[in-house]
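These notes concern the structure reproduced below.
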Amino acid sequence: MADSPPIACAPCAGGLCGGKGKETLNEGIWKSNPIAIQVLGVCSALAVTNRLENSLVMGVALIFVCVGTNLFVSLLRDVTPRRIRMIAEVAIIATFVIVFDQILKAYHWEMSKQLGPYVGLIITNCIVMGRAEAFALQNPPIVAMVDGFANGVGYAIVLAIIGFFRELIGTGKVMGETILSGDWYTPNQFMILAPGAFVALGFLIALFNVLSGANKPQEEDKR
Amino acid sequence: MKDNLYAIAYSAVLGLVCALALTAVGELTAERIAANKKAEEMRNILGVLGISFEAKAPFEDLEAVFDKNVRLDKVGEVKMYRYLAADGETVQATAVPFAGPGLWGPIRGFLSLEADMVTIRGVTFHEQEETPGLGGEIAAICPGNHDEAMALDCPAWFRHQFKGKRIVDADNKPAIWIVRGGASGPNEVDAMTGATMTGDKVQAMLKEIIVKIVAATGASDGR
């Protein structure tokens, strides 16, 4: 996962990001993955991951919103009064979320119905606001977009993994296609319900921690 | 003072720009969203009336099937979608929309009645936010026809068991009861385990619409 897709790095190759692009990408997707390491934006990750398809669309939504928000927050970072910067951020986030929601409603009605209020709730997703506050306010537009993209992808990957296993174990299907046949496999409905999401997310965070070595107890903490 | 003015001006401009962007997107998608909503309503009405149509048909085809078979009447304060026979006059069945509060959010659906206006032809719930896997099963859909859905181990049995029941009792009083264990008689259906609250709310909203229907049509056994 560390050797991430080069799409977002394309503008960086031209030297636009001063070599910071790859590092930013790695940081968002892997090293401080918003869900698995920072455990942010968990609400939607738990709510919409009962099917892989939902998870993917939600991931795309977050990438879109994160990239857009980071770009504009970064562009406006020098003219935004500090005292009202959060209100400005929320206004920008809300605009992007509503735009995505409208497009979904117009072109993928069924999906929009399945995701219900969760697309709109991206406005309150801490990942988006967190990246705007922590990164976009201090960095130039292009690298801020890379950061938004990386965090969006980090979120999307985690959601896709959870969605894949929840759908597979809970219904025996993947993307609506039966994989585990009903003849010998009894779907474990627990995984479809909300508690199953907690279990799945818990295992995934544990796995991330083991693989990345993050959150290791410090030497002095050991006793 | 100067800072305050700047902050106010900044917010005003940002708000204006966001509002303009949203208005533009809203305008661009409004037509498609309206068509999607209309198509969904038509699919629900056709479905509950038992008119066959292609699920993935484009909007125009759907509208053609709808206009050919269905006529909207208003009897008293009740909207009634009539399924007309080939002669364009004889009413074969009638669908009536109903709505009410569910456990977590509003529930909307259609109740369709045979030509006698007392025998239930079908019930659907097209908008609900009940607990997935429990109350949410009111909206379940199973492949195959009515008998298959009742025979199979499918959660849509709840919806399907309404077929053939009557909305008035032997004394011509409006009646439909969702009962715990062992429904009997033409006015009772079985409740779902683990969905008592949803069952109560569904019963309340069905009761409400049935009273209205009976008042509007004067429907009775003798009709």
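Chain letters run A, B, ... following the sequence lines, proteins first, then strands; residues in each count from 1.
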| task | Verify side chain to side chain contact (heavy atoms under 4.5 Å, CB included) between A/Trp109 and B/Arg32, making sure each step is shown before the conclusion. | result | CA-CA 10 Å; A/Trp109 175 257; B/Arg32 280 197 71 108; over 6 Å; no
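- Scanning both residues, A/Gln102 and B/Thr29, for their nearest heavy atoms gives NE2-OG1, 3.4 Å.
- Applying the 6.0 Å contact sphere to CD of A/Gln138 captures more than 12 heavy atoms from other residues, nucleotides or ligands.
- When each of A/Ile103, A/Leu76, A/Val79 is scored by its heavy-atom pairs under 4.5 Å with chain B, the top score falls to A/Val79.
- Just one of A/Val99, A/Thr95, A/Asp101 meets the side-chain contact (heavy atoms from CB on, under 4.5 Å) condition when paired with B/Val25; it is A/Val99.
- Remark: B/Ile141 CD1 is loosely packed, at most 12 non-hydrogen atoms of other residues, nucleotides or ligands lying under 6.0 Å away.
- A salt bridge links A/Lys113 with B/Glu40; the closest basic N to acidic carboxylate O contact falls under 4.0 Å.
- No more than 12 heavy atoms of other residues, nucleotides or ligands shown are found within 6.0 angstrom of CZ on B/Arg180.
- By the 6.0 Å contact criterion, CE on B/Met197 is open, its count of non-hydrogen atoms from other residues, nucleotides or ligands being 12 or less.
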| said: Run the side chain to side chain contact (heavy atoms under 4.5 Å, CB included) test on A/Ile84 and B/Ser11 for me, step by step, so that the C-alpha distance in whole Å, both residues' side-chain angles and the decisive distance to 0.1 Å come before the verdict. | reply: CA-CA 8 Å; A/Ile84 60 158; B/Ser11 321; 3.3 Å; yes
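- At distances below 3.5 Å, not a single donor-acceptor pair connects side-chain atoms of B/Tyr6 with backbone N or O atoms of A/Thr80.
- With hydrogens and angles disregarded, a donor-acceptor distance shorter than 3.5 Å links the side chain of B/Asn36 to the backbone of A/Ala106.
- The minimum heavy-atom distance linking B/Leu14 with A/Ala91 is given by the pair CD2-CB, 4.1 Å.
- Surrounding CZ of A/Phe198 are at most 12 heavy atoms belonging to other residues, nucleotides or ligands under 6.0 Å away.
- Neither the backbone nor the side chain of A/Ile192 has a heavy atom closer than 4.5 Å to any heavy atom of chain B.
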